[in-house]
**Q** 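Structure provided below as structure tokens; questions to follow.
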Amino acid sequence: QVQLVESGGGLVQAGGSLTLSCAASGRTFSNYAMGWFRQAPGKEREFVATLRWSGGTTYYADSVKGRFTISRANAKNAVSLQMNSLKPEDTAVYYCAADTLSRVVAGNPGSWGQGTQVTVSS
């Protein structure tokens with residue numbers, strides 16, 4: 001079992017920036033993808049971004065393209081999500097995920113983090 005721990009959530013004003021981090025433990029991630037999902041109150045969980053670990057390929061939801069960037073962090077088996085030009089509609093609980101790229105994109109990863117709250121005020 002892979003353990004995922006998110007950090008970096010908080011309160012920010014619209015137009016501001018915030019960076020989330022996700023650290024993984026329990027196994028190596030050379031064959032894995034890591035990504036982010038979010039869920040707003042009363043809404044379904046939606047895909048945000050993912051990174052193929054070895055290949056470095058990234059994919060983003062249309063709603064965050066040009067504003068969010070997913071990348072490998074300096075720490076081993078860790079990723080970050082840099083969020084710029086934040087909007088109130090970005091308010092949600094953000095969840096880290098890990099598995100193969102296909103399973104992450106499909107919303108069925110083997111591992112989920114506990115989630116971290118991001119609140120964007122008007």
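The figures here come from the full heavy-atom set of this structure, side chains too, leaving out hydrogens, waters and symmetry mates.
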**Q** Step by step, work out the side-chain contact (heavy atoms from CB on, under 4.5 Å) result for C96 and W36.
**A** CA-CA 5 Å; C96 183; W36 292 91; 4.1 Å; yes
**Q** Examine the side chains of S80 and S71 and answer whether a donor and an acceptor come within less than 3.5 Å of each other.
**A** yes
**Q** Can you get from V12 to L81 by hopping between Ile, Leu, Val, Met, Phe, Trp and Tyr side chains that sit under 4.5 Å apart?
**A** yes
**Q** Distance from T58 atom OG1 to F68 atom CZ, nearest 0.5 Å?
**A** 14.0 Å
**Q** Could you check whether atom CD of Q39 has more than 12 heavy atoms from other residues, nucleotides or ligands sitting under 6.0 Å from it?
**A** yes
**Q** If you group Ile, Leu, Val, Met, Phe, Trp and Tyr by side-chain heavy-atom gaps below 4.5 Å, do V120 and V64 land in one group?
**A** yes
**Q** Show, in sequence, the C-alpha distance, side-chain angles and deciding distance for Y32 and L51, and conclude whether the side-chain contact (heavy atoms from CB on, under 4.5 Å) test is met.
**A** CA-CA 9 Å; Y32 269 64; L51 167 71; over 6 Å; no
**Q** Any sub-3.5 Å donor-acceptor pair from R67's side-chain atoms to S85's backbone N or O?
**A** yes
**Q** Contact between V48 and Y59 at the side-chain level, heavy atoms closer than 4.5 Å - yes or no?
**A** no
**Q** State plainly whether one hydrophobic cluster holds both I70 and L101, where clusters connect Ile, Leu, Val, Met, Phe, Trp and Tyr through side-chain heavy atoms under 4.5 angstrom apart.
**A** no
**Q** Could you report the tightest heavy-atom contact between G107 and W112, atom names first, then the distance?
**A** O-CZ2, 3.8 Å
**Q** If you group Ile, Leu, Val, Met, Phe, Trp and Tyr by side-chain heavy-atom gaps below 4.5 Å, do V104 and Y94 land in one group?
**A** no
**Q** Run the salt bridge (Lys or Arg N to Asp or Glu O under 4.0 Å) test on D62 and K65 for me, step by step, so that the C-alpha distance in whole Å, both residues' side-chain angles and the decisive distance to 0.1 Å come before the verdict.
**A** CA-CA 5 Å; D62 289 341; K65 286 182 179 178; 3.2 Å; yes
**Q** Measure the shortest side-chain to side-chain distance between L20 and T116 over non-hydrogen atoms and say whether it is less than 4.5 angstrom.
**A** yes
**Q** List the atom of P109, the atom of D99, and the distance in Å for their closest heavy-atom pair.
**A** C-OD2, 3.6 Å
**Q** Can you check whether R103 reaches S111 side chain to side chain, under 4.5 Å on heavy atoms?
**A** no
**Q** Are V118 and Y60 connected in the hydrophobic side-chain network, where two residues link if heavy atoms are under 4.5 Å apart?
**A** yes
**Q** Just by distance, do the side chain of T50 and the backbone of M34 share a donor-acceptor pair under 3.5 Å?
**A** yes
**Q** So is R45 actually on top of Y95's ring, under 6.0 Å and inside 45° of the axis?
**A** yes
**Q** Of the non-hydrogen atoms in S122 and P88, which two are nearest, and what is the gap between them?
**A** OG-CG, 3.8 Å
**Q** Can you classify the ring geometry of F47 versus F37 as parallel (below 30°), tilted (30 to 60°) or perpendicular (above 60°)?
**A** perpendicular
**Q** When rounded to the nearest 0.5 angstrom, what is the spacing between NZ in K87 and OG in S63?
**A** 8.0 Å
**Q** Do other residues, nucleotides or ligands put more than 12 heavy atoms under 6.0 Å from the CD atom of E89?
**A** yes
**Q** Quick one: does any side-chain atom of N77 pair with a main-chain N or O of A24 as donor and acceptor, under 3.5 Å?
**A** no
**Q** Just by distance, do the side chain of E6 and the backbone of G115 share a donor-acceptor pair under 3.5 Å?
**A** yes
**Q** More than 12 non-hydrogen atoms from neighbouring residues, nucleotides or ligands closer than 6.0 Å to CD on Q13, yes or no?
**A** no
**Q** Please answer whether the main-chain N or O of G10 pairs with a side-chain N or O of Q117 as donor and acceptor at a distance below 3.5 Å.
**A** no
**Q** Any donor and acceptor pair, going by atom type alone, linking the side chain of T91 with main-chain N or O of T119 inside 3.5 Å?
**A** no
**Q** So, the side chain of Q3 versus the backbone of S25: is there a donor-acceptor pair under 3.5 Å, distance only?
**A** no
